[in-house]
Amino acid sequence: MPIYSDPDEGPSQAASRFWLGPNRPLHSIVGGGRVGDVILWRNKRLSATILGGFTMIWFLFEVVELHFITMACYLLMASMLILFAWTQASDFFRWRPPSVYEIQVSETTARHILSRLNKFLARFYKLSCGHDLARFFMALAVLWVLSIIGSYSSALNVIYVVFLFVITIPVLYERYEREVNYIATQGKGDMKRLYKKLDANLLSKIPRGPVKERKYK
């Protein structure tokens with residue numbers, strides 16, 4: 001049995017279709033827009049800044065073992081001192097102090113965050129209703145594994161590891177797409193052949209009782 005159905009389709013295209021879906025670029029799958037640019041390192045400076053900031057947060061909380069309230073108070077105090085010094089020295093050095101509108105979250109950003117949250121809740125609701133049982137049980141298994149990992153590690157460690165996977169795996173896949181697709185295709189074919197052998201040597205030989213016909217009134 002061939003691994004891919006189209007004779008003109010190579011293993012790289014078949015595995016790409018298996019992992020990403022038909023006609024779906026990787027940029028749109030990882031979020032598209034600025035999110036996709038950050039994850040795929042299209043804006044290297046911004047991606048490096050986010051990675052460095054997240055790493056610094058992880059270092060301060062997990063290695064230095066600062067508490068969240070203490071860290072938040074330090075950041076607020078530092079911000080207050082910077083704004084105070086900037087405002088007081090603006091006339092002397094002819095610096096323009098920042099306005100309140102420059103530090104506020106824009107309405108478009110808030111709407112974008114809320115729309116993403118609503119999409120997540122809609123997908124969560126649809127998945128929880130059991131429309132797709134395979135994905136339903138897969139989500140339960142993933143959450144169960146994460147709950148076990150969380151019992152042995154802090155939440156910040158888990159979030160940081162997930163963040164590292166998100167910020168590195170897609171860009172590595174985009175760079176080495178052919179090699180990964182080839183390995184994925186070969187692995188898929190090996191799994192099919194292994195299942196055939198298991199079915200022929202073991203599963204098909206398991207005795208099964210007679211199937212009773214249901215009686216309908």
Pairwise side-chain contact, L164 with F54, heavy-atom cut-off 4.5 Å (strictly under): no
Neighbour count >12 (heavy atoms, 6.0 Å) for atom CE, M191: no
Pairwise distance CD(Q186) to NZ(K188) - rounded to 0.5 angstrom: 12.0 Å
Greater than 12 external heavy atoms within 6.0 Å of I69's CD1: no
Derivation and outcome, side-chain contact (heavy atoms from CB on, under 4.5 Å), residues F165 and V161: CA-CA 6 Å; F165 277 110; V161 170; 3.4 Å; yes
Residue R135 excluded, over 12 heavy atoms near CZ under 6.0 Å: no
V38 to I167 - nearest heavy-atom pair and separation: O-CD1, 3.7 Å
Closest non-hydrogen atom pair between A139 and L127, with its separation: CB-CD2, 3.7 Å
Distance-only side-chain donor-acceptor flag, N118 / S115, under 3.5 Å: no
Minimum side-chain heavy-atom gap V166-I39 below 4.5 Å: yes
H67, NE2: over 12 other non-hydrogen atoms inside 6.0 angstrom: no
W144-F137 co-clustered via ILVMFWY side chain contacts under 4.5 Å: no
Flag for N181-Y173: side-chain donor and acceptor within less than 3.5 Å: yes
Hydrophobic cluster membership, L75 vs I57, 4.5 Å side-chain cutoff: yes
In one Ile/Leu/Val/Met/Phe/Trp/Tyr side-chain cluster, 4.5 Å: V64, M56: yes
Hphob cluster co-occupancy, F59 + L51, side-chain heavy atoms under 4.5 angstrom: yes
Main-chain N/O of A48 paired with W41 side-chain donor or acceptor, under 3.5 Å: no
Transitive ILVMFWY side-chain link L76 to W86, under 4.5 Å: no
Pairwise distance CH2(W58) to OG(S154) - rounded to 0.5 angstrom: 9.5 Å
Sidechain-backbone polar pair: T70 side chain, L66 backbone, donor-acceptor under 3.5 Å: no
Working for side-chain contact (heavy atoms from CB on, under 4.5 Å), residues I50 and F163: CA-CA 10 Å; I50 294 175; F163 173 77; 3.8 Å; yes
Side chain proximity check, Y160 to T55, heavy atoms < 4.5 angstrom: yes
From K44 atom NZ to L46 atom CG, the distance as rounded to the nearest 0.5 Å: 12.5 Å
Distance, nearest 0.5 Å, that separates CG of D132 from CE of M138: 8.5 Å
Minimal non-hydrogen separation, E174 against R42, with atom names: OE2-NH2, 2.6 Å
